[in-house]
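Written below as structure tokens is the structure these notes are about.
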Amino acid sequence: FAVAKDATPETTLGTAYSPVDYMSITSFPRLPEEEVMQGDIAYKSRKDDDNVLGEQETDPDIFLRSARLQRLPSSASDLAYHDTVSLRETTKDPFTQDCACQRDGLSVIITACLTFATGVTIALIIQIYFGDPQVFHQGAVVTDVARCTSLGFEVLGKQGSSVDAAITAALCLGIVHPHTSGLGGGGVMLVHDIRKNETRVIDFRETAPAAIRDGLLQTNLDLNPGLLVGVPGMLKGMHHAHQLYGRIPWKNVVSMAADVARNGFNVTHEFAEALANVKDQNVSDAFRDLFLPNGQAPVSGLSSRRLDLARILDAIAVKGISEFYSGNLTQEIASTVQASGGVLTEDDFGNYSTVLEQPAHINYQGHHVMVTPAPHAGIGLITALNILEGYNITNQVPRSSTYHWTAESVKIALALASGLGDPMFDTSVSETVSKMLSKAQGSLLRQMINDSQAFPVSHYTPSFSLEDGAA
Amino acid sequence: AAQVMIMGPDDHIVSVVSSLNKPFGSRIVTPSGILLNSQIKAFSWPNKTHNSRPNPHNSLQPGKRPLSFLMPTVVRPSNGVCGTYIAVGSSNGAKALSGITQVLLNVLSSRKNMSDSLAYGRFHPQLEPDTLLVDSEFLDEDVELLLAKGHKVERIDVLSLVEGTRRTNDLIVGVTDPRSADASALAM
């Protein structure tokens with residue numbers, strides 16, 4: 001190769017660091033005029049190249065080269081050619097000095113890399129804090145029945161939210177444990193968002209019908225059990241929760257519960273025991289037909305199905321909760337209740353609404369405790385903890401003292417809770433609530449507790465009757 | 001009451017407690033198979049029971065919700081996000097209050113683990129008559145301690161069923177009450 005043959009140390013250095021690779025140079029189509037060019041010719045050739053088909057050259061050799069260069073494809077070989085012909089001896093390493101072009105290129109590359117890296121980092125941080133979790137990590141589901149726990153777990157596995165899982169599991173419990181809950185009941189849901197430190201209470205407890213009066217309840221309620229029925233809130237509560245926190249479609253959430261009713265489940269110990277307890281009591285024929293076939297309570301472990309509930313849930317999954325609150329089911333429920341001496345009407349269903357509210361809360365020994373507000377008795381838990389916090393209970397405190405203080409504190413809390421009611425109907429409830437939430441009040445009540453002697457509740461505060469065993 | 005407690009991968013804690021008031025509610029079943037509640041019984045009215053003192057704030061009014069002992073409860077660290085998170089619920093009316101109080105004391109104050117906290121024997125101070133009910137898990141020696149303080153103690157089989165989940169940093173566990181034959185917990 002011509003360049004290598006006459007290479008001086010400087011030129012060798014120059015080619016060795018040439019940005020053009022060897023293969024590119026050797027693969028270059030050789031031209032007959034391809035000789036080692038003098039520096040000035042090379043310079044002129046480059047100048048021609050810049051001019052492309054600009055002005056005509058007077059030198060035939062240069063013109064020929066220029067013309068052939070126009071035919072060359074634009075490629076790395078093209079670049080190689082120019083470098084080859086422009087090689088000349090230098091007295092210093094051209095790469096050690098600042099080259100404006102190289103510096104600009106490097107700056108662009110570095111800037112681009114840094115910008116890209118910064119962008120990716122910011123995007124990752126945003127994703128970590130605000131995005132959906134990309135890894136299906138830890139979680140736990142607890143319910144009264146194994147079948148419903150598995151179902152809730154399954155919802156989480158399908159990327160459903162915690163609330164989706166809770167809705168399906170709660171509806172499932174209404175199927176498998178109809179003695180504790182169901183579509184004809186109500187309840188309350190507390191949802192806490194750890195990241196946002198935000199908590200909401202969805203109260204879907206039953207409400208009293210519009211036509212109910214105190215006097216009506218003075219009758220024999222065994223003969224008129226319809227009077228005991230409040231407006232069911234279960235489905236509206238579940239739907240409200242799904243609107244706020246649902247991730248998978250309502251239809252899927254409800255259908256998964258419907259599948260349990262359709263495909264069957266095993267009678268649990270608790271359900272079998274509850275049925276055994278009512279077997280000999282006065283219950284309606286409809287109840288007996290449904291739960292006590294042949295007059296016998298099913299034994300635990302027996303397979304059971306609820307195709308009736310499956311049909312209802314399927315309809316609610318497809319048509320929404322209007323099926324329950326303003327459809328044929330509404331008419332049916334109202335007429336059934338009225339036939340049992342009740343006063344529930346279709347309008348009561350139409351007027352029913354859930355309550356979305358903030359929880360009541362306190363700090364207890366470095367922990368933030370959140371409970372459902374009045375008319376729920378969660379406030380009573382706060383009162384008990386307010387009293388107990390002053391005792392600084394640890395595992396070093398003797399059990400006798402811990403038990404005694406706890407018993408007396410809960411006694412006081414129960415007494416105060418027995419005076420609670422719905423604050424939307426009685427503003428004076430707010431005063432009771434404030435008293436129960438107050439740490440100062442807790443301290444005063446603590447001073448009334450004798451460390452070595454139990455007292456009846458009247459020693460601490462007045463109380464009202466509590467219904468035994470009511471949920 | 002029926003209970004559902006969930007701590008999911010979406011960093012939400014959910015506690016749901018629902019009921020029909022009494023077992024099987026009003027025992028009224030619609031032709032389509034819906035069992036109806038008896039929630040009106042949770043209101044107070046004069047002469048409801050013998051010698052009762054009705055709560056005037058819990059009187060019956062159209063559209064009103066009655067006093068309830070449905071107590072879904074959630075605990076988180078007061079400062080920051082690191083520490084213990086708990087979701088608990090309980091059944092059996094007013095006995096839920098005593099049950100949850102004792103479980104939280106065991107976990108938060110006595111630093112017991114969740115399983116032990118739910119398994120320990122529990123008591124419930126009954127207001128009328130003035131009696132301290134203790135369940136079958138409550139130790140005899142502890143009954144003696146309470147008797148010495150002047151409590152009138154009566155033992156019954158089960159007071160309440162408490163269920164819960166606990167998260168400490170990234171470890172989440174679900175725990176059921178060993179008194180329940182059917183409750184179940186799953187954790188991933």
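In what follows, every chain begins at residue 1, and chains take the letters A, B, ... in the order their sequences are listed.
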Can you confirm whether [X] sits close enough to [Y] that some side-chain heavy atom of one is under 4.5 Å from a side-chain heavy atom of the other?
{"X": "Ser400(A)", "Y": "Asp142(B)", "answer": "no"}
{"X": "Leu381(A)", "Y": "Met71(B)", "answer": "yes"}
{"X": "Arg213(A)", "Y": "Pro62(B)", "answer": "yes"}
{"X": "Val337(A)", "Y": "Leu36(B)", "answer": "yes"}

Fill in: All side chain to side chain donor-acceptor pair (under 3.5 Å) counterparts of Asp451(A), not counting sequence neighbours
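So Asp451(A) forms a side chain to side chain donor-acceptor pair (under 3.5 Å) with Trp405(A).
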Worksheet item: For Thr180(A), what residues pass the side chain to side chain donor-acceptor pair (under 3.5 Å) criterion, not counting sequence neighbours?
Response: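 Result, side chain to side chain donor-acceptor pair (under 3.5 Å) vs Thr180(A): none returned.
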Discussion item. Within this structure, what is the CG-NE2 distance for the pair Asp182(B) and His269(A), rounded to the nearest 0.5 Å?
Written reply: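 Atom-to-atom, Asp182(B):CG and His269(A):NE2 are 6.5 Å apart.
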Worksheet item: salt bridge (charged side-chain N to carboxylate O under 4.0 Å, His left out) with Asp177(B): which residues, sequence neighbours excluded?
Response: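 Per chain and number, Asp177(B) pairs via salt bridge (charged side-chain N to carboxylate O under 4.0 Å, His left out) with Arg122(B), Arg179(B).
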Would [X] and [Y] count as having a side-chain donor-acceptor pair, cut-off 3.5 Å?
{"X": "Ser32(B)", "Y": "Glu332(A)", "result": "yes"}
{"X": "Ser68(B)", "Y": "His376(A)", "result": "yes"}
{"X": "His367(A)", "Y": "Arg76(B)", "result": "no"}
{"X": "Gln281(A)", "Y": "Arg27(B)", "result": "yes"}
{"X": "Ser78(B)", "Y": "Asn363(A)", "result": "yes"}

Practice prompt. Between chain B and each of Gln365(A), Glu206(A), His177(A), count heavy-atom pairs under 4.5 Å; write down the option with the most.
Written response: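 Most pairs with chain B among the choices: Glu206(A).
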Fill in: Residue among Gly184(A), Ala384(A), Ser463(A) with most heavy-atom pairs under 4.5 Å to chain B
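The option with the most such pairs is Gly184(A).
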Item to complete: Take the angle between the ring planes of Phe24(B) and Phe271(A) and call it parallel below 30°, perpendicular above 60°, tilted in between.
Response: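 Because their plane-to-plane angle lies in the 30° to 60° range, the rings of Phe24(B) and Phe271(A) count as tilted.
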Worksheet item: Relative to the ring of Tyr403(A), is the ring of Phe123(B) parallel (under 30°), tilted (30 to 60°) or perpendicular (over 60°)?
Response: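 Perpendicular: the ring planes of Phe123(B) and Tyr403(A) meet at over 60°.
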Discussion item. Given Val369(A), which partner from the list Ile86(B), Val75(B), Val74(B) fulfils the side chain to side chain contact (heavy atoms under 4.5 Å, CB included) test?
Written reply: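 Result: among Ile86(B), Val75(B), Val74(B), Val75(B) is the only option passing the side chain to side chain contact (heavy atoms under 4.5 Å, CB included) with Val369(A).
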Fill in: Residue among Gly25(B), Ser59(B), Pro54(B), Ser91(B) with most heavy-atom pairs under 4.5 Å to chain A
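The candidate making the most pairs under 4.5 Å is Pro54(B).
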Worksheet entry | Option in Pro66(B), Gly83(B), Ala87(B), Gly89(B) with maximal non-hydrogen atom pairs under 4.5 Å from chain A |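 Among the listed options, the one with the most contacts to chain A is Pro66(B).
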Fill in: salt_bridge(Asp11(B), Arg195(A)) N-O dist < 4.0 Å
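Yes, charged N to carboxylate O under 4.0 Å.
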Fill in: Residues of residues 102-115 of chain B near chain A, each having a heavy atom less than 4.5 Å away
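Near chain A, by residue number: Gln102(B), Leu104(B), Leu105(B), Leu108(B), Ser109(B), Ser110(B), Arg111(B).
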Fill in: Part of Arg306(A) lying under 4.5 Å from any heavy atom of chain B
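Contact with chain B: side chain only.
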